Number of protein chains: 2
Amino acid sequence: MKELTIQQKKVLQCIKFYIKKTGFPPTRADICRELGFKSPNAAESHLRALEKKGYISIENGASRGINLTDNNSEKSETIPVIGLVAAGSPTLADENIEKHIPYQESLFLSDFDYFLRVKGLSMKDAGIMEDDLVAIKKTTDVRNGDIVVARIDDEVTLKYFQSSGKQIKLIPANDDYSEIDIDKDTEGFFIEGKSVGLIREN
Amino acid sequence: MKELTIQQKKVLQCIKFYIKKTGFPPTRADICRELGFKSPNAAESHLRALEKKGYISIENGASRGINLTDNNSEKSETIPVIGLVAAGSPTLADENIEKHIPYQESLFLSDFDYFLRVKGLSMKDAGIMEDDLVAIKKTTDVRNGDIVVARIDDEVTLKYFQSSGKQIKLIPANDDYSEIDIDKDTEGFFIEGKSVGLIREN
DNA sequence: ATTTTTACTGAATATATGTACAGTATAAAT
DNA sequence: ATTTATACTGTACATATATTCAGTAAAAAT
């Protein structure tokens, strides 16, 4: 399945919300209203892009003729919550799973694989506090400024990612912590994934 | 639930079948084609009968605006997202509702009534950043240390709550902002609710 | 360097669609 | 006995809606 852009994801999400809410798909104008577009053609082109990528099918000429394809049917799975411990890797091994919480497909703009329970305050200036649940998408495709889950041997941390060539900086959002400089090819160094959202249970 | 006639059952079945097949409800003409009627008004009257008996709801003026009622399909509720503007009150009036997102019962420890879209950084040291969605439970039962939605006339803010007797302090979590001292009985002062959770969409 | 994709605004239009109105006819309820 | 509900045909029409065309602009791919 081809990847969607952020805007396309928003439109797809909007369609799902609309159907859930009303029982029938939105018109182009409805999508514009929900997402703030001023031209129906904005919605139209996004729909055609979603169709091309296989996420929806469109019945030409039919009003509200949008059909979500089987693969993105709303499934209610559960997502594991993994404890981020000072030393220890966040694997999906059973002993590290704190609990499961119900999966809500459309909760964030991106899909994600697990929640990380935050320990410590190394990212407090980014608004990430102790015991927060950070939604992590498993990927190595990270960009400068992304908040990433990085592993160095057994040590796992949540930090800002900043790279220039082979040199990578893992930057905390807290003056009491110092940044980590590391070479991309250092043995035992991995990017486990990146943050795509956050939940605080209070 | 009122009993349906044989023809009404056929029409209801037809609607369900059509949605399962196409992903969206039928038009009057579609129903006519499926059931062999020669006038769209035949379908129309059946739909109005089904609506009257509570099996469907119809959104007037909307094409394919047929919604199977709860007994036919279980759907999750949605929770409104309200923009927190510098001056203006967070009411559930339509004009203030930014969008709706699906309700997940067990998302937070407490139930809640709406999400507040945070503007500004007055609570940044509490890990509440701009554009975060704070889950608000409508209540006046708040305790010291709670993060509350307080209104003073038209001004609505999110602050820490601290009271001693009749004297209430609304304390920001940001040194750039100053705290608000107010008397419990000041006219135009209300506690709208308190924060019970947070979502960051990234 | 050029094409393609993404991401829109804005206007125009054919047609898809809901819906009202005018009938006909039978069965059920009051 | 009269009203109401059921069950349609048939016509008409305003408007809801999909969709095309003409642009602009920036990013990504080739």
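The structure displayed is predicted, hence computed values, not measured ones. First the proteins, then the strands, lettered A, B, ... as listed; each starts at 1.
B:D30 and B:T27 are linked by a side-chain donor-acceptor pair at a separation below 3.5 angstrom, with hydrogens and angles left out of the test.
Between A:F24 atom CZ and D:dT17 atom C1' the separation is 13 Å, expressed in whole Å. To the nearest angstrom, C1' of C:dA28 lies 15 Å from CD1 of B:I6. Rounded to whole Å, atom P of D:dA5 lies 14 Å from atom CD of B:E51. Atom-to-atom, CG of B:L35 to C1' of D:dT9 comes out at 16 Å; the value is rounded to the nearest Å. In this structure, A:D141 places its CG atom 12 Å from P of D:dA28, rounding to the nearest Å. Straight-line distance from the NZ atom of A:K38 to the P atom of C:dA7: 18 Å, rounded to whole Å. If you take CG of A:L12 and P of C:dT6, they are 14 Å apart, rounded to a whole angstrom. Atom CD in B:E44 sits roughly 15 Å away from atom C1' in D:dA12 (whole-Å rounding).
Among B:K10, B:K21, B:R28, the one residue that satisfies the salt bridge (Lys or Arg N to Asp or Glu O under 4.0 Å) test with B:E34 is B:K21.
Within the model, atoms NZ of B:K184 and CZ of B:F189 stand 9.5 Å from one another, a figure rounded to the nearest 0.5 Å. In this structure, A:Q162 CD and A:D146 CG are separated by 10.0 Å, a value rounded to the nearest 0.5 Å. In this structure, the separation between OG1 on B:T157 and NZ on B:K119 is 16.0 Å, given to the nearest 0.5 Å.
B:S63 contributes no side-chain N or O that forms a donor-acceptor pair with the base of C:dG18 under 3.5 Å.
No engagement by B:A29 is indicated, since no non-hydrogen atom pair under 4.0 Å with the nucleic acid exists.
Nearest to the side chain of A:R64, among C:dG10, D:dA18, D:dC8, sits D:dA18. Taking the side chain of B:S45 as heavy atoms from C-beta on, and the options C:dC8, C:dT6, D:dC8, the nearest nucleotide is D:dC8. Comparing C:dG18, C:dC8, C:dT19 by their closest approach to the side chain of A:H46 singles out C:dC8. Taking the side chain of B:K52 as heavy atoms from C-beta on, and the options D:dT9, D:dA5, C:dT17, the nearest nucleotide is D:dA5. Out of D:dT11, C:dT9, C:dT17, the shortest distance to the side chain of B:T27 is found at C:dT17.
The side chain of A:K53 places an N or O atom within less than 4.0 Å of a non-bridging phosphate oxygen (OP1 or OP2) of C:dT6. OP1 or OP2 of D:dA7 has at least one side-chain nitrogen or oxygen of B:T5 nearer than 4.0 Å. For the OP1/OP2 pair of D:dT6 and a distance below 4.0 Å, the side-chain nitrogens and oxygens of B:R48 include no atom meeting the criterion. Here B:R28 does not reach the OP1 or OP2 of C:dT17: none of its side-chain N or O atoms lies under 4.0 Å away.
Both B:Q7 and A:N60 lie close to DNA chain D; mapped to their nearest nucleotides by heavy-atom distance, the more 5′-ward contact belongs to B:Q7. Of the two residues near DNA chain D, B:A49 and B:C32, the one whose nearest nucleotide lies more 5' is B:A49. The residue among B:E59 and B:N41 whose nearest nucleotide of DNA chain C lies closer to the 5′ end is B:E59.
Under the 3.5 Å distance criterion, the side-chain polar atoms of B:R64 are matched with a main-chain donor or acceptor of B:P25.
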